[in-house]
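Read the structure below first, then the notes.
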Amino acid sequence: MKYIDEYRNSETAKFLAERIQKATSKSWNIMEVCGGQTHTILKYSIDELLPKEINLIHGPGCPVCVTPLEMIDKAIAIASRKDVIFASFGDMLRVPGSEIDLLTVKANGGDVRMVYSPLDAVKIAKQNPDKKVIFFAVGFETTAPANAMSVIEAKRLNLKNYSILCSHVLVPPAIEALLSSQNSLIQGFLAAGHVCTVMGYEEYIPLSEKYKVPIVVTGFEPIDILQGVYQCAKQLEEKKYEVKNQYSRAVRREGNLSAKKIIFEVFEVTDRKWRGIGNIPKSGYKVKAKYSMFDSEKIYDVGDIEVNESPVCIAGEILQGIKKPTECSAFGKECTPEHPLGAPMVSTEGACAAYFHYKKFDTAISEK
Amino acid sequence: MDFNLSCPIPKSEYDKVLLAHGGGGTLSHHLLQKIFFSQFKNELLDVQHDGAMFEIDENKFAFTTDSYVVSPIFFPGGNIGELAVNGTVNDLAVCGAKPLFISAGFIIEEGFEIEELWKIVLSMKSAADKANVKIVTGDTKVVDKGKGDKLFINTSGIGLIEKDVNISPANCKAGDVILLNGKIAEHGIAIMSAREGLEFETEVISDTAPLNGLVDLILLTSKNVHVMRDPTRGGIASSLNEIASTAEVGILIDENKIPISEEVKGACEILGLDPLYIANEGKLLVFAAEEDSEKILNVMRSHEFGREAQIIGKVVADNPKSVVMKTLVGSTRIVDMISGEQLPRIC
C-alpha cells in the first residue's frame, strides 16, 4: 500500500539505523511526544535498531492517558443518567475513573456508544430527539477540528439535544512544561506529526530557540521515526537547535488553515489539568461562551467530584519521561490491561500498555 | 447460624459480564477458566480444543457447539446462517473429524421478517450441502420484541475421526512449520464496515467458508499434521497464543509472510486496529512436521480455499508459551494475547 509499505521497509530501516549509528558519538535523550509514535516504536522494536546511545523517552501525547480523573468521573456521572446517550471514541471507554469505567456504565444499563467520528454522535442526536446526546470530546489538536465541526453541524441542524464534554489538550504548552521542569532530561523532541498536520509547526520555533532544543516534526511509521531520530541526533551532535519537518508529506509550516478556522470558531484556549502532570497554563481548549448551549459542562451540574488516584501508580513520572513503565512496582502485577491502575495501561497508545503488549517484562526475546 | 456455600463464586475483578468477556481475549479466557472449566472439569473438556474428542466402540468422534449472534445478520459475503453452518463444520474439521450431523437452534425476535428467515435457511441448506453435512435436528424459540436482536443461531455438530488421525496441541513440537491458507482479517473488517457504515473503495467480503474439504486433502497428503485451528474471534494472534500456551512451545512468525489484502490493511490503518487480532471465518492454521511442509503447501494451494496459502512461521524451543514475530522492519516483537475487544484509537 502506497505511503505505508515504503515506510515499513527493512532495507531502508537498516540504512537509516546505520546512518544514525555513524552520526552518534554520545548519549542523547530524545522524547517522542505522541503515543502513536510510542506505539510504533514498541510495535516494531525500533529500539533494537537504534544505537544504545539513543535513549527514547516516551512523552505525554496520549490523550486518553492525560485526561484528568475528574473529567472521566464527570463523564461517568453523565453517562449513567437515564435520559442520556453518551458517545465516545473507543479507547476512552475502558479508562478507569475513581471507581468504574464507561464500559461498566454500559454493562449497568447506561446507553454508552462507541463512535468513529463526532459527526456520528450528531447523527445519533438527530435520530433520538427525546434523548440528550453527549460526545466526549477528548484529544489533542488532531481531533479538535472534527469535534468543533460537530458543534457547528449541531447548530446548523438546530439540535437542542447535542453537547460535547470538552477535554482538549495542546502539545506546545506541554513541551514547554516538560522543558521548564527541574527534572527534565530531554535534549530533543520528535513532535507529533498529526498535530502539526492541523496546526503547522510555527509555534514550535520559539520553544526550540528559548530552550535550545531541536524539534523534529515526525510521522508515525517506523521509517518516519528513524528519520526523525536521525534528524534530531544529527542536530544534537552538531549543537544545532532548529525545527525540522520530517513529515513533509502531510505537514505544512502553516498547517491546515480551514481546520484551524473551525477550531477557533468554536474553541478558545484555557488552562487545563493533565492527569499525572498537573495544571498547565493555556494548555487546552474549552467551548466558547457563544456555543455554551453545546457545552456539556455548562448543561450538566454533576457537582464537585473528589478523586482518588491509585497511590502506587507512577503515571505522572511515566508521562513526563522520568521513569520507564518497567520501573513501576505495580507494572504487570497489580496493574495490567485487564485491570489498569492508571491510564497509560489502558489506551493502546499509553506507554505502559505498549510495554506490556510488546515487551512484557523486559525479558529478552530471541530468534533462533 | 453461619454456613458456607459449598462452591463460592470465584474471585473476579468484575461483578458484571462485560462485552470484552466475549471478545476472545484474556477476559474471555478468565471467564472460561474461572466460571465454566472450574465446575465442568473433565478429561475431554480439559484438552481445550475447538471440540471434544472421544471414542465409542473404538470409533473416534468429535463434538462441538457454537452460537452465532453476529450483527448485522446479513453482511458482505454472507449471512448468519451460512456462518453458523460453516463455523461448526470448521470446528469439527480442525479436530481432524469429518463432519456428519449438525443441529440448529434458532432464537428469533418477535417481528422478524419471514422473508429474511427464509433467505437465511436457504443459505444454511446450501452451506450444509457444500460441506456435505446434514442438519438432523433443531429447535425454534421466539422471544418478545426487544429481548433479542433479530436472530441468534446455535449449531452443534458431530464428526468422525479417521483411525490414524491424531490432532492435538500436545503433538506440536519445535521444528514444526506453521501454514495459513490465505488472507487474514476479512470477516472482521467486513462486519465492521457493514456495522459502522464505513465505506472503502473496494468492498471487503467475509471469508466465511467450509474448511472440511481442504482439511481432508491435507490429512490425505500428510500423516504428520500435529495441530489445526480455525482462527475466528481474536484472530490468528489469539489462536497462536492458545496453541503456544497449551503445547508449552514458542512460536515464531514472519510478518512479511502473513497474507493480507490491501483493502483490509487500509481499513486497519484507518481504524487503528491490528489485523492479527481480527476475526476470520474461513482461515486455517496448520502445524505440521517440517519434512511435509512443501507437500502440504502445494496441496493447500490446489484447493479453492487455499490458493494464497503461505508458510508463516515455525515452532521453536525458545520463549515457551509465547508468540514472537519478526516485523516488517527486521526487528522482533512479542505478539501478545489481547485483553478484550480492540478499541479504535482516538487519533
Side-chain angles (χ1 to χ4, degrees), chain A residues 1 4-5 8-14 17 34-36 39 42-49 62-64 89-94 103-104 106-108 114-116 120 138-140 142-143 192 194-195 222-223 226 336-339 347-349 353 356-360 363 365-368, chain B residues 12-21 25-27 29-30 174 192 196-198 250 252 254-256 260-266 268-274 314 316-319 322-347:
Chain A
M1 194 174 7
I4 294 285
D5 294 339
R8 294 181 186 170
N9 179 292
S10 63
E11 291 303 310
T12 321
K14 219 172 126 194
C34 177
H39 187 76
L42 274 299
K43 184 170 177 185
Y44 291 95
S45 302
I46 302 287
D47 52 338
E48 270 184 31
L49 305 173
C62 160
V64 169
F89 292 128
D91 51 359
M92 276 316 288
L93 300 180
R94 221 149 42 87
L103 281 181
T104 310
K106 183 167 182 253
N108 287 340
M114 183 177 83
V115 292
Y116 292 89
D120 292 343
V138 174
F140 282 89
T142 332
T143 51
H194 290 166
V195 169
I223 299 300
L226 287 166
T336 61
E338 293 89 59
H339 187 58
S347 166
T348 48
E349 297 196 350
F356 189 88
H357 285 304
Y358 297 126
K359 283 275 166 139
K360 289 219 155 170
T363 42
I365 50 175
S366 56
E367 185 200 343
K368 273 178 198 159
Chain B
S12 163
E13 286 145 14
Y14 298 92
D15 53 5
K16 296 223 162 104
V17 173
L18 304 183
L19 262 185
H21 281 112
T26 319
L27 279 185
H29 195 70
H30 286 175
M192 228 176 286
E196 310 297 343
L198 303 173
L252 177 68
D254 185 346
E255 191 170 12
N256 262 314
I260 176 167
S261 75
E262 291 289 296
E263 293 77 24
V264 167
K265 218 196 270 183
C268 288
E269 290 300 328
I270 291 168
L271 299 172
L273 302 174
D274 188 338
K314 58 187 176 183
V316 291
D318 294 320
N319 317 305
S322 50
V323 179
V324 173
M325 180 165 81
K326 187 158 185 256
T327 69
L328 296 177
V329 297
S331 54
T332 50
R333 69 148 158 121
I334 296 248
V335 176
D336 198 13
M337 189 90 159
I338 199 167
S339 66
E341 296 276 350
Q342 281 198 92
L343 299 171
R345 292 200 307 263
I346 285 184
C347 58

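The model shown is predicted, which means the values in this text are computed figures rather than measured ones. Convention: sequence-line order gives letters A, B, ...; per-chain numbering from 1.
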Bottom line for Lys14(A): the part with an atom under 4.5 Å from chain B's heavy atoms is neither
Region of Lys16(B) that comes under 4.5 Å of a non-hydrogen atom in chain A: side chain
Which atoms of Asp5(A) come close to chain B, meaning under 4.5 Å heavy atom to heavy atom: side chain ones, backbone ones, both, or neither? side chain
Contact origin within Ile4(A) toward chain B - heavy atom pairs under 4.5 Å: side chain
Should Asp274(B) and Arg333(B) count as an ion pair when the cut-off is N to O under 4.0 Å? yes
Working to the nearest 0.5 Å, report the span between CG of Asp254(B) and CG of Leu328(B). 8.5 Å
Can you find a pair of side-chain heavy atoms, one from Asp336(B) and one from Phe356(A), that are under 4.5 Å apart? yes
Aromatic contact between His39(A) and Tyr358(A), with the criterion being ring centroids under 6.0 Å apart: yes or no? yes
Using heavy-atom distances under 4.5 Å, tell me whether Ala13(A) contacts chain B through its side chain, its backbone, both, or neither. side chain
Inter-residue atom distance Met1(A).CE - Glu263(B).CD, 0.5 Å rounding: 9.0 Å
